[in-house]
Amino acid sequence: MTDPFGRTISYLRVSVTDRCDLRCFYCMSEDMHFLPKSDLLSLEELDRLCSAFVAKGVRKLRLTGGEPLVRRNLMSLVRSLSRHLDTGALDELTLTTNGSQLERFASELRDAGVRRINVSLDTLDPAKFREITRWGDIDKVLRGIEAARAAGLKVKINAVALKNMNEEEIPSLMEWAHGKGMDLTLIEVMPMGDIGAGRIDQYLPLSMLRARLGARYTLTDLDETSGGPARYVRVSETGGKLGLITPMTHNFCESCNRVRITCTGTIHTCLGHEDATDLRKPLRASADNDLLNAAIDRAIGLKPKGHDFVIDRRHNRPSVSRHMSVTGG
Ligand code: SAM
Ligand code: SF4
């Protein structure tokens with residue numbers, strides 16, 4: 001799959017549910033309305049959709065949400081998709097999780113061929129964690145991370161950089177993660193979805209954070225990219241890797257290799273655009289994949305050149321109306 005700008009699409013992120021057991025304040029409003037279950041693709045449909053993308057050249061598949069591990073029977077989907085790892089069609093099957101259910105599922109994930117996972121954790125302070133997630137229990141997440149490590153999964157920690165919330169704590173979070181051999185990636189807040197509050201109070205440019213870290217640690221730029229928005233540095237003092245995802249301050253779109261599918265089967269070819277193509281209808285219209293493949297090709301043919309997120313005082317409203325939990329972060 002190649003888009004009009006010559007970019008090869010090899011990475012698919014799939015939101016398997018818009019629901020979550022947490023309510024992170026930058027991601028969701030407190031009284032989120034979730035989709036009726038009947039709107040969701042079944043696990044069998046998700047499998048068919050993902051497999052159609054694998055047949056079209058996707059080499060990396062990430063399950064996300066909402067919280068993927070709250071989707072009932074998710075493990076049956078993971079086990080079924082792992083057949084593409086066995087055939088060599090897929091290089092990696094992975095997921096992004098808040099970690100709250102990991103203690104229960106870590107071994108099963110590893111048995112199903114998952115080797116690496118991303119766990120989102122913005123703070124190590126139990127009170128702050130509750131404030132950010134509105135009711136989460138950090139101990140569950142920490143136990144989940146340990147269970148994943150014990151099961152042999154490589155864990156990367158993702159943290160959203162939040163002004164006046166965790167900005168002072170980033171060095172200790174990094175030292176904790178690196179001390180356990182886990183990479184840490186910092187993410188800038190993106191203006192996605194109405195969360196019942198403006199974004200300007202949350203937004204902390206990573207350029208500022210990087211400069212602060214640079215005054216305290218020796219940071220060396222690494223060449224590697226994942227085809228995504230992350231740039232990596234090596235931190236000499238810890239020996240660990242730090243990723244910086246800066247959608248607001250850095251343009252990374254020219255190397256974008258990814259598309260996203262929501263739990264209702266809508267494909268978004270750019271995180272920062274309202275562009276959307278429905279794949280559920282062609283998926284359900286016939287048992288073979290001809291209509292579906294044609295719809296996928298049309299959507300890839302419409303992938304925008306780049307995003308146009310803005311957060312400033314004049315644009316203190318969502319740039320993109322859908323929540324990250326719907327699109328799949
Ligand atoms: N529930 C899982 C989790 O938290 O990892 C997976 C879905 S969550 C939407 C994926 C990632 O998106 C998380 O790392 C989360 O912190 C991040 N995220 C959510 N809303 C965001 C926003 N408005 N800006 C930047 N990152 C956001
Ligand atoms: Fe849930 Fe993840 Fe959004 Fe937090 S960031 S509310 S854990 S989907």
Side-chain angles (χ1 to χ4, degrees), residues 13-32 34-35 62-71 74 94-102 105 116-123 128-138 140-141 144-145 148 155-163 165-166 173 177 183-206 228-230 243-249 258 260-263 268 271-272 307 309-311 316-329:
R13 297 166 83 111
V14 184
S15 173
V16 296
T17 175
D18 63 327
R19 288 166 198 252
C20 187
D21 50 355
L22 302 179
R23 292 288 181 282
C24 302
F25 73 88
Y26 51 78
C27 178
M28 294 191 180
S29 63
E30 194 160 8
D31 58 341
M32 280 295 279
F34 295 108
L35 296 163
R62 179 177 297 278
L63 305 181
T64 177
E67 174 47 39
L69 294 177
V70 303
R71 172 93 196 231
L74 181 81
T94 183
L95 85 170
T96 300
T97 171
N98 65 26
S100 65
Q101 313 290 323
L102 254 186
F105 292 113
R116 301 194 299 174
I117 55 170
N118 289 357
V119 179
S120 304
L121 179 62
D122 305 323
T123 178
K128 273 194 182 164
F129 184 80
R130 210 167 311 114
E131 204 178 328
I132 291 171
T133 60
R134 293 200 176 97
W135 56 62
D137 173 4
I138 196 171
K140 267 170 89 176
V141 176
I145 290 172
V155 178
K156 179 163 80 73
I157 303 294
N158 283 346
V160 178
L162 299 160
K163 191 153 91 183
M165 182 56 84
N166 64 359
L173 188 61
D183 293 338
L184 172 70
T185 292
L186 301 174
I187 310 172
E188 271 175 0
V189 174
M190 288 174 256
M192 298 190 64
D194 193 351
I195 50 163
R199 295 281 180 189
I200 197 105
D201 302 331
Q202 307 173 355
Y203 177 51
L204 174 65
L206 287 192
L244 301 150
I245 299 189
T246 55
M248 311 300 297
T249 50
R258 59 198 60 193
R260 294 172 163 82
I261 294 179
T262 69
C263 50
H268 295 289
L271 188 59
H307 67 72
F309 285 132
V310 200
I311 298 181
N316 200 11
R317 287 182 297 112
S319 293
V320 172
S321 58
R322 55 183 198 268
H323 288 90
M324 187 73 123
S325 51
V326 173
T327 316

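Every number for a ligand or one of its atoms is a count from 1 in the order of the listing. For reference, positions follow the sequence shown, starting with 1.
Of the inter-residue distances, the one linking Asn158 atom CG with Leu184 atom CG reads 8.0 Å to the nearest 0.5 angstrom. In this structure, OG1 in Thr97 is found 4.5 Å from CG in Leu69, a value given to the nearest 0.5 Å. Atom CZ of Arg19 sits about 7.5 Å away from atom CG of Leu35, to the nearest 0.5 Å. Once rounded to the nearest 0.5 Å, the distance linking CZ of Arg260 with NE2 of His268 reads 10.0 Å. Atom OH in Tyr26 sits 10.5 Å away from atom CE in Met190 (nearest 0.5 Å). Rounding to the nearest 0.5 angstrom, the gap separating the CD1 atom in Ile187 from the CG atom in Leu204 is 13.0 Å.
At a 3.5 angstrom cut-off on N or O pairs, Ser120 counts as close to ligand 1. For ligand 1, one of its N or O atoms has an N or O atom of Thr97 under 3.5 Å away. Looking at Tyr26 next to ligand 1, an N or O pair under 3.5 Å apart turns up. When only interatomic distances are considered, the shortest N/O to N/O separation between Glu67 and ligand 1 falls below 3.5 Å.
Every atom of ligand 1 with a heavy atom of Val189 under 4.0 Å away is listed here by number and element: 24 (N), 25 (C). Close contacts between ligand 1 and Gly65 involve ligand atoms 7 (C), 9 (C) [criterion: under 4.0 Å to a heavy atom]. Here is the list of ligand 1 atoms found below 4.0 Å of a heavy atom in Cys27: 19 (C), 20 (N). Contact atoms of ligand 1 toward Thr64: 6 (C), 7 (C) (distance under 4.0 Å to a heavy atom of the residue). Residue Gly66 approaches ligand 2 through these ligand atoms, each under 4.0 Å from one of its heavy atoms: 8 (S). Listed by atom number, the atoms of ligand 1 under 4.0 Å from Asn98 heavy atoms are 2 (C), 3 (C), 4 (O), 5 (O).
Residue contacts with ligand 1 include Gly66, since one or more of its heavy atoms lies under 4.0 Å from the ligand. Put simply, part of Glu188 is less than 4.0 Å from ligand 1, judged by heavy atoms.
Closest heavy-atom approach to atom 23 (N) of ligand 1 among the candidates Met190, Arg19, Met28: Met190. Of all the listed residues (Cys24, Ser15, Cys27), Cys24 holds the heavy atom that lies closest to atom 4 (Fe) of ligand 2.
Looking at Val160 against ligand 1, only its side chain comes within 4.0 Å, counting heavy atoms. If you look at Cys20 next to ligand 2, the close heavy atoms, those under 4.0 Å, all belong to the side chain.
Cys24 has its side chain within reach of Thr133: a pair of non-hydrogen atoms, C-beta onward, lies under 4.5 Å apart. The shortest side-chain heavy-atom distance between Met165 and Gln202 does not fall under the 4.5 Å cut-off.
Heavy-atom contacts from other residues, nucleotides or ligands closer than 6.0 Å to CZ of Arg134 number more than 12.
Side-chain contact of Thr17 with Glu67: a donor-acceptor pair under 3.5 Å is absent, judged by distance alone.
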